[in-house]
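This report concerns only the one structure given below.
Within every chain, numbering begins at 1; the chains are lettered A, B, ... in the order of the sequence lines, protein sequences first and strands thereafter.
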Amino acid sequence: MSSKEMEKVYNPQTVETKWQRYWEEHRLGHAEAGTGKPTYSIVIPPPNVTAVLHLGHALNNTIQDILIRFKRMQGYESEWMPGTDHAGIATQNVVERKLAREQGKTRQDLGREEFIREVWKFKEETGGTIIQQLKRMGCSCDWERERFTMDEGLSRAVTEVFVRLYEKGLIYRGKYIINWCPRCQTALSDEEAEHQEHKGNLWLIRYPAADGAEGLVVATTRPETMLGDVAVAVNPADSRYAHLVGKSLLLPLTERRIPVVADDYVDPAFGTGAVKVTPAHDPNDFEIGLRHNLEPLIVMHGDGTMNAAAGPEFEGLTREAARKKVLDLLSEQGLLVETKEHIHSVGHCYRCHTVTEPYLSQQWFVRMKTLAEPAVQVVNDGRVRFHPERWTKVYLNWMENIRDWCISRQLWWGHRIPVYYCGDCGNVMVSREPVTICTKCASSKVTQDPDVLDTWFSSWLWPFSTFGWPEKTEALQAFYPTSTLSTAPEIIFFWVARMIMAGLEFMGDIPFADVYLHGTVRDDKGRKMSKSLGNGVDPLEVIESHGADAMRFSMIMITSQGQDVFISYESKSGGSKHKGHNTFDIGRNFANKIWNATRLLMSLSGGEIGSSQGVEPDLADRWIRSRYNHTIDQITEALESFRFNDSARLIYEFLWHDLCDWYLEIIKPRVARGGDERAFVLRNASEILSGSMKLLHPIMPFLTEEVWSILADALRDRGSDSVMTAPWPQADHMAESDVIEREMSMLQSLIGSIRNIRSEVNVPLGQKADVLVVPADDDAERVFADNRSYIMDLASVARLDLDRRAARPEKSAAGISDRSEVFVFLEGLVDFDRERARLAKEVERRRGFIASIESKLSNESFVSRAPETVVEQERRKLSDARDELEKLLSNLQALGG
RNA sequence: GGGCGAUUAGCUCAGUCGGUUAGAGCGCGGCGCUCACAUCGCCGAGGCCACUGGUUCGAGUCCAGUAUCGCCCACCA
């Protein structure tokens, strides 16, 4: 390719689609089991098929892709298992809404089978979209192994696990208080009920005694549930109520008499010290009920309206209406003693945010204690590590207080519970295969449990079910345990913890060794990006405007050690007049910078970079090599330790500031000179740029493929077919690296000083100036002399004198740089007032510096206790600074200041 | 009620083992369309590192406490 074909501005769209196709056609994401190579594997946190991906997914999948590409280049057989999650409640909700909107029908109108067919249809569309999005983002998954949590194989795994746990006595069915969503009309696990603080009330209500005495006053936050009260509890030690224990009260608004019981649960200091007991609608009351043999009374339907047991006046009312009516009536009857403000926490359905109802019902549960024990141990042993480490505590704390897991859901979309009931003899059969005939009485009146399982009951098997478990497949053997899991901290309990338990229980081994928890993606106001808030940014929109590489790079650049990520992005439809800050510009600009550096090399070389002989590399040539080698080491180290932002910053600084700002500027005149040197520097620069593409490839896969390919053609050096399959660069350590970097930095400092002086006294770079440099020592003199042409080119110098013994010249602006004094001649252009002010400022700076070192060195304990090298360093700094100050002062004096 | 995180330049954030006068990007000011890039280059201004104490020769960094903001967990009605 010649420079003519390279556009001036990088166009990510064409490049990205091209390479996406290339990777797919060549199956570069595919990993083979049994290659004998060391393996590295990741299973994707399967996105819900409910909707398209958002930026949170973009971040997480970028991180995984970085790891996978990095390890692949390092020579690992790298498997990234992609797939999607059926997301029971969420998906069912979405399809139900769609059905209502488009056809005005409910799922009941359709019937179970027809409805499920509709959901599958929906899943085929969105699931496909998600996979397309992942591909567009550049994710190098093993697409041939894509899985869905309701695939046949995964469903078999779910059934197998249910049966095994049941047979082990770890699954049981029972009537308990669970979290119930009245809108979704299903049970939820404890984790699925999100608690939020609400400003509510504490109502004090008088319950008169059955014998007509005054009775007592109870305190409640939920007056409507009093219709289901079966007792009132007081603390046994509470003398205020001792006389009432065992007596009956008349439950207001009903005809029922209820006993007063004594129970330790009651805190005499809270409220009135008397608690109404509603076993069917409160978990604590349920426990009290068990202890006192009280029969629970359910007063609500599953949809949150009151049922017949609540009484004819209330039947059919919603929870909210019933509360109002109860309070009104109590108030009329003079039984509402007091209303206090009270803050308490209320559960909400994590899918539809409806207030959940503690509800007594028959459900299936997993006994967690025995599963949790080994899962605690592997984390304590360090076999599973969390990054950042602070999440370890969160995990352990939850694990150590784990409660049984309610796994049945009253939904249609999901894995059917593999339990069958005989309609004749009541036999309960848990089976891997469908049951049609009762195993006990041979009746054919056998029905399957209508409920489905919690979505997470399939997700927790993901690291092994996706590789074919319970079969002992080659893939399972090769890729389990997986290496790293990258996910959001919100799902530590839902998913991470449970996967560890399932892995240990069913595979006898941890599911992954490292868990990386990334930050939450938020908008510029700090709000979590979500569809319901409408502040989500569509990755495809960002990809369209900035490119996938730019999106990836920008997000990685601002992700630090699992801190939350704040995105500011104005969509095209935003219509804002002022050009706001855009998070993704940094990546786009960087891509453009790299593109243009390549374009420069192509234009200088004409697209052909030959080899050269007999050219001895000079300081700059060796310096850029040295910097490159350091960068390799540092980036490798950063990626190994999950410091992704550091890896992005390192390659950014190297390419932009070392390579483009210095080295490419340095080689331009050398290229112009032609000959062997031309070929040499072009090769040197191109090789380093090409190698840098490997370092950058995990973060910006598309651009790096394109640039690497262009350079490889020009260099006639294709070690591999693409960067993706190229080996990760190895640093070639140079013994004299420190000296090289030190000398180059002297040169940079000198050039910087000259530029600074010129700028301060208004001599633009377009106007060449004469400069005198007075080096401080032999070394400096040698370095400056050897590199005189660089100084002249980069600082726009017409004539450069190097003289260690030169006196301060008239009509010049002076400055101090590292190891030298600099004079810029300003014949006719000089603004001496400005120059005086500039020098005075320099003098002040220097004086402050000297004072701070002097105070340090005059501190006796510093000198005696600090390491010798530190003290020595301070002394050197002081003497240098004093020298510089002296020079500045004499310059200032010469100007009459 | 417990736990975690944050607090550094106008904005968004880095800052690893405690050791130059604390950095970047954006924004701002000045200069420059020099034959890669104005999505650019050069130069610059801008900081009580939230506060208080402690450890130390030395603290943005370690410890304790305080304040503000955010998040997570918890069955006191």
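Electrostatic pairing of A:Glu7 and A:Arg599 does not count as a salt bridge here, judged by no charged N lying under 4.0 Å from a carboxylate O. Checked for salt-bridge contact, A:Asp880 and A:Lys877 miss the test: no charged N lies under 4.0 Å from a carboxylate O. Remark: A:Lys841 does not engage A:Glu844 in a salt bridge, criterion side-chain N to carboxylate O under 4.0 Å. With respect to A:Glu854 and A:Lys856, no salt bridge is recorded, no charged nitrogen being found less than 4.0 Å from a carboxylate O. Between A:Glu357 and A:Arg222, at least one side-chain nitrogen of the basic residue sits less than 4.0 Å from a carboxylate oxygen of the acidic one, meeting the salt-bridge criterion.
Between A:Glu191 and A:Ile343, the residue anchored nearer the 5' end of RNA chain B, judged by the nucleotide with its closest heavy atom, is A:Glu191.
When the side-chain nitrogen and oxygen atoms of A:Lys668 are compared with OP1 and OP2 of B:A36, one or more of them lie within a distance under 4.0 Å. The phosphate of B:C4 (OP1 or OP2) has a side-chain N or O of A:Lys393 nearer than 4.0 angstrom. A:His342 has a side-chain polar atom (N or O) that falls below the 4.0 Å cut-off from OP1 or OP2 of B:A77. Taking side-chain N and O atoms only, A:Arg522 has no distance below 4.0 Å to OP1 or OP2 of B:C71. Look at A:Asn589 and you won't find any side-chain N or O under 4.0 angstrom from OP1 or OP2 of B:C37. The side chain of A:Arg599 places an N or O atom within less than 4.0 Å of a non-bridging phosphate oxygen (OP1 or OP2) of B:C37. For the pair A:Asn756 and B:G44, the criterion of a side-chain N or O lying under 4.0 Å from OP1 or OP2 is met. At the phosphate of B:A14, neither OP1 nor OP2 sits under 4.0 Å from any side-chain N or O atom of A:Arg643. A:Gln563 has a side-chain polar atom (N or O) that falls below the 4.0 Å cut-off from OP1 or OP2 of B:A6. Regarding contacts with the backbone of B:U21, a side-chain N or O of A:Ser852 is found under 4.0 angstrom from either OP1 or OP2. Taking side-chain N and O atoms only, A:Trp656 has no distance below 4.0 Å to OP1 or OP2 of B:A24.
Distance noted for atom C1' between B:A9 and B:G23: 10 Å (whole Å). To the nearest whole angstrom, the two C1' atoms, one in B:G15 and one in B:U20, are 15 Å apart. The P atoms of B:A50 and B:G29 are separated by 29 Å, rounded to the nearest whole Å. Rounded to whole Å, the P atom of B:C28 lies 15 Å from the corresponding atom of B:G10. Of the C1' atoms belonging to B:C62 and B:C17, the separation is 12 Å, rounded to the nearest Å. Comparing the C1' positions of B:A64 and B:C26 gives a spacing of 37 Å, expressed to the nearest Å. Remark: the separation of the P atoms in B:U61 and B:A22 is 14 Å, to the nearest Å. Across B:C33 and B:G25, the matching P atoms stand 23 Å from one another, rounded to whole Å.
Of the listed nucleotides (B:A36, B:C43, B:C40), B:C43 has the atom at the smallest distance from the side chain of A:Glu760. Of all nucleotides listed (B:G25, B:A36, B:G5), B:G25 comes nearest to the side chain of A:Tyr652. Nearest to the side chain of A:Ser560, among B:G15, B:G19, B:C76, sits B:G15. Minimum atom distance to the side chain of A:Leu600 is reached by B:A36, of the listed B:A45, B:A36, B:C37. You'll find that the side chain of A:Ala597 is closest to B:A36, out of B:A36, B:A77, B:C43. Closest to the A:His657 side chain, of the nucleotides B:G25, B:U39, B:A77, is B:G25. Listed nucleotides B:U21, B:A36, B:G44 differ in distance to A:Cys660; the shortest reach to its side chain belongs to B:A36. For A:Arg755, whose side chain is taken as the heavy atoms from C-beta onward, the closest listed nucleotide among B:A36, B:U39, B:C43 is B:C43. Set against B:C43, B:U39, B:A77, the side chain of A:Val275 has B:A77 as its closest nucleotide. Proximity note for A:Val266 (side chain, C-beta onward) versus B:G19, B:A77, B:G3: the nearest is B:A77.
Across A:Val261, A:Asp264, A:Val266, a single residue satisfies side chain to side chain contact (heavy atoms under 4.5 Å, CB included) together with A:Pro236, and that is A:Asp264.
Within 4.0 Å of A:Phe566, counting heavy atoms only, lie sugar-phosphate atoms of the nucleic acid but no base atom. Residue contacts shown for A:Asp661 are limited to sugar-phosphate atoms, with no base heavy atom under 4.0 Å away. A:Arg847 comes within 4.0 angstrom of no nucleic acid atom, judged by non-hydrogen atoms across all strands. Within the nucleic acid shown, A:Glu287 has no heavy atom closer than 4.0 Å to any nucleic acid atom. Within 4.0 Å of A:Gly547, counting heavy atoms only, lies no atom of the nucleic acid at all. A:Glu844 comes within contact range of no nucleotide atom at all, as no heavy-atom separation falls under 4.0 Å. Across all strands, A:Tyr10 comes closer than 4.0 Å to no nucleic acid atom at all (heavy-atom distances). Counting any heavy atom pair closer than 4.0 Å across all strands shown, A:Pro489 reaches no nucleic acid atom. Within 4.0 Å of A:Asn859, counting heavy atoms only, lie sugar-phosphate atoms of the nucleic acid but no base atom.
Nucleotide B:C75 forms no Watson-Crick or G-U wobble pair with any nucleotide shown, as no partner meets the under 3.5 Å limit on both distances. Under the Watson-Crick or G-U wobble criterion, with both distances below 3.5 Å, B:A9 is left unpaired in every strand shown. Of the nucleotides present, B:A64 is the one that pairs with B:U52 by Watson-Crick or G-U wobble criteria, both distances under 3.5 Å. Taking a pair to require two hydrogen-bonding distances under 3.5 Å in either a Watson-Crick or a G-U wobble arrangement, B:G70 pairs with B:C4. With both pairing distances under 3.5 Å, B:C17 is matched to nothing as a Watson-Crick or G-U wobble pair.
Other residues, nucleotides and ligands contribute at most 12 non-hydrogen atoms within 6.0 Å of the CD atom of A:Glu389.
Under 3.5 Å, the side chain of A:Glu665 and the base of B:A36 form at least one donor-acceptor pair of N or O atoms. Side-chain to base pairing of A:Lys8 with B:C37: no donor and acceptor N or O lie closer than 3.5 Å to each other.
Base orientation at B:C31 is anti, since its O4'-C1' glycosidic dihedral falls outside 90° of 0.
With contacts defined as side-chain heavy-atom distances shorter than 4.5 Å, the pair A:Val346/A:Gln196 does not qualify. You'll find the side chain of A:Val515 reaches within 4.5 Å of the side chain of A:Leu517, heavy atoms only.
Judged by distance alone, with hydrogens and angles left aside, the side-chain atoms of A:Ser749 form a donor-acceptor pair with the main-chain N or O of A:Asp818 at under 3.5 Å.
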